[in-house]
Amino acid sequence: MTKAIQKIVLFAMLISSAGVFAQIKEEKLILDKKREPEVKKIDKKKTSVQKEKNYPPEEKSQVPVNYEITNVPATSDFKTSAIQGEDISPKFNEQYQNNYFQLGYGNYGKFLADGNISTMLENKMEVGADLHYLSTTGLKKEYDWNSKQSEASIGAYLTSYGDIGKFSINADYGFNDYHYYGIYAMQPGSDTDVQQKVNRFKLNGYYDFYANDILNDLRVKSSFLTDKYGAKETQASVLMNLSKHQLNISPQNNVVMNADLGVGLETLKTTFDLVDQNSTNTFYAVVSPKVTFFKGISYLMLGSDFSFLNSKNSNKVLPEELKNNKFYWFPKAELQVAATNEFKFYAGVDGGLKTNSYSDALQENPYLLSDQLLLPTETKYRFYVGLRGDIDQNIKYDVSGGFAKINNILFFEGNDIFENSTLPPRNPYDYANTFSMAYDHGSVSEVKASVQYFPLANLTLDGELSFAKYKLDHYENIYNKPLLKASLGAKYTMLDKKLNWGAKVIFASNITTNSFEVKDSAAMPFYYSSTENKNSTVAGFADLNLSAEYKIHKNFSIFALGNNLLNTKYQQFNGYKVLGAQILGGVKITF
């Protein structure tokens with residue numbers, strides 16, 4: 001029996017003997033904010049109402065419920081890091097309480113403190129606050145230098161439920177204090193400083209009407225980011241949706257129409273103080289009209305995106321400022337032909353413009369150099385076909401394939417060293433240990449599959465698969481994007497829903513990356529020479545996660561969470577190994 005299997009068996013025996021360990025619940029703390037990795041879930045949801053905490057109220061709950069499949073890329077937000085693996089906790093759906101506090105501790109010095117409190121006032125106004133803190137001592141046995149990490153956020157929110165709509169506002173401050181520890185080309189000493197720290201502040205507000213009649217919702221979002229090296233980014237957006245639904249245009253043929261108009265404005269300003277000292281100033285506007293014709297569960301949607309982009313990029317290397325002042329048009333159409341709920345064939349075309357920010361890129365790769373050229377990604381068109389359905393309420397599935405033509409496909413490219421001198425001190429980002437945002441025009445062919453199976457009332461099984469093959473104009477291979485990603489998961493409840501179990505295995509294929517060899521120069525003292533090794537490979541992985549939670553009392557439960565139980569120290573990015581097998585246990589109090 002291998003050591004990995006022994007650790008899994010030992011962990012299972014530990015849970016079974018105690019019979020009461022529990023898993024951290026889904027960390028959905030403020031409105032639409034999730035700390036749990038977001039995977040594509042097939043579930044029941046309101047067709048025109050976003051699911052949010054304590055929502056919808058009774059006035060809007062009468063909207064008919066339809067089965068839909070939420071189109072979120074598989075493992076889109078999954079990040080197994082030096083901090084934590086995936087939170088796959090089952091939820092106490094019927095007995096869930098908003099007010100709670102939990103503490104947990106595990107190996108690698110992992111410490112968790114998490115809490116949320118809210119109350120409903122007499123005037124239908126809800127106020128609340130939450131706190132989240134998570135830290136680890138890092139990989140002390142793998143790296144001589146510091147690899148510890150901590151992250152925290154604290155927020156407050158206010159929600160007012162009116163007669164015709166709901167108003168909400170929330171503020172959130174968070175930081176991520178970590179290290180550029182992925183050094184593979186050099187061997188610095190144990191006192192090497194590779195720290196980075198990012199601070200974020202967000203303020204969001206919106207008004208959502210209960211009925212889709214003319215003004216559907218209005219949303220305002222803003223955020224401000226700074227980091228240790230002087231980066232500053234301010235982002236703000238206003239989104240408004242106008243709609244008129246359930247128009248009977250042909251009662252004799254049972255044809256109804258929905259008309260929608262989306263209007264969005266966004267600004268982005270980013271400045272950097274390092275290396276090339278890039279600066280970006282962007283204004284983006286979009287108008288998205290569409291009409292949808294329904295006949296039963298079949299429909300035809302026709303629409304367009306009319307976009308305008310004004311952007312300016314400059315740095316100390318460019319001879320003059322790069323400007324982009326352009327209008328775009330993107331087609332949008334989708335046809336679904338369905339005789340029954342079991343088999344729904346659909347096909348469509350879409351496209352659009354996406355502004356890339358430093359803040360968003362850090363969510364995917366926190367090891368970016370604090371100096372980036374920010375360009376928008378333009379999906380000129382994407383054709384897709386698929387089949388989805390709901391078989392006897394027991395099996396829900398969605399299988400699709402598509403082809404897209406894209407300008408400025410975003411990926412991450414490893415950086416060389418910036419200073420050739422061997423004299424100390426060396427900057428924390430200057431060990432060939434950071435990445436930059438890279439772009440290329442090209443195409444992508446995709447296949448996606450998602451399925452959920454409910455064999456028992458207390459058992460849910462799910463699986464996902466994502467295949468993406470890129471063909472670029474200038475690069476031979478795309479860097480740091482796997483060809484294949486997949487996941488298998490299960491959630492099981494027993495003992496009258498007091499004991500909840502969870503499991504998820506996540507797979508990813510090899511990724512192509514670029515790397516460097518750094519050597520001392522014999523000809524010139526105090527000088528490093530560096531040779532790039534293109535198209536090196538980072539191995540794929542399988543990551544096993546298990547969880548359990550036992551509710552001892554309606555106000556008290558205990559949990560245990562196991563991450564990466566196969567104990568594979570695979571790499572997120574070249575040089576950045578993740579933690580090995582992790583076990584965290586703790587207690588949660590609800591009130």
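Throughout, numbering of the chain's residues begins at 1 and tracks the sequence. Values below: every heavy atom of this structure, side chains too, minus hydrogens, waters and symmetry copies.
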Inset, instruction - Please lay out, stage by stage, how Y161 and T159 fare under the test side chain to side chain contact (heavy atoms under 4.5 Å, CB included). - result: CA-CA 7 Å; Y161 299 93; T159 303; 3.7 Å; yes
Has the side chain of [X] got a donor or acceptor atom that lies under 3.5 Å from a matching backbone atom of [Y]?
X: Y100; Y: I589; answer: no
X: N107; Y: K110; answer: no
X: N216; Y: L242; answer: no
X: N356; Y: A361; answer: no
X: S135; Y: Q149; answer: no
X: S222; Y: L203; answer: yes
X: D496; Y: K498; answer: no
X: S298; Y: A338; answer: yes
X: Q372; Y: M437; answer: yes
X: N176; Y: V198; answer: no

Would you say that [X] contacts [Y] through its side chain, given a criterion of any heavy-atom pair below 4.5 Å between the two side chains?
X: T282; Y: L374; result: no
X: Y453; Y: L459; result: no
X: N99; Y: S118; result: yes
X: T355; Y: L353; result: no
X: K166; Y: S168; result: yes
X: Q452; Y: T460; result: yes
X: Q336; Y: M301; result: no
X: S370; Y: Y358; result: yes

Side chains of [X] and [Y]: do they bring a donor and an acceptor to under 3.5 Å?
X: Y157; Y: D172; answer: no
X: Q102; Y: D114; answer: yes
X: S288; Y: D305; answer: yes
X: D260; Y: N258; answer: no

Inset, instruction - Output yes when D390 and K396 qualify as a salt bridge under the 4.0 Å nitrogen-oxygen rule, no when they do not. - result: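 Here D390 pairs with K396 in a salt bridge, since their nearest N and O are under 4.0 Å apart.
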Inset, instruction - Could you tell me whether D462 and K504 have a side-chain N and a carboxylate O separated by less than 4.0 Å? - result: yes
Pairwise distance [atom1]([X]) to [atom2]([Y]) - rounded to 0.5 angstrom:
X: D177; Y: N199; atom1: CG; atom2: CG; value: 9.0 Å
X: L410; Y: T377; atom1: CG; atom2: OG1; value: 5.5 Å
X: Q195; Y: K148; atom1: CD; atom2: NZ; value: 8.0 Å
X: I552; Y: K588; atom1: CD1; atom2: NZ; value: 12.0 Å
X: L544; Y: L488; atom1: CG; atom2: CG; value: 11.0 Å

Classify the ring geometry between [X] and [Y] as parallel (under 30°), tilted (30 to 60°) or perpendicular (over 60°).
X: F330; Y: Y328; value: parallel
X: Y299; Y: F294; value: tilted
X: Y229; Y: Y180; value: parallel

Legend entry - Other residues, nucleotides, ligands: >12 heavy atoms within 6.0 Å of K332 NZ: yes
Legend entry - Other residues, nucleotides, ligands: >12 heavy atoms within 6.0 Å of K295 NZ: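 Counting other residues, nucleotides and ligands, NZ of K295 stays at 12 neighbours or fewer.
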Legend entry - Contacts of type side chain to side chain donor-acceptor pair (under 3.5 Å), residue T267, not counting sequence neighbours: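 None.
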Legend entry - Test side-chain contact (heavy atoms from CB on, under 4.5 Å) applied to S357 - qualifying residues, sequence neighbours left out: E233, Q235, L268, S359, D360
Inset, instruction - Starting from the C-alpha separation in whole Å, work towards a yes-or-no answer on side chain to side chain donor-acceptor pair (under 3.5 Å) for Y210 and D163. - result: CA-CA 9 Å; Y210 298 149; D163 294 332; over 6 Å; no
Legend entry - Reference residue L218; test side chain to side chain contact (heavy atoms under 4.5 Å, CB included); the match among D208, V263, V238: V238
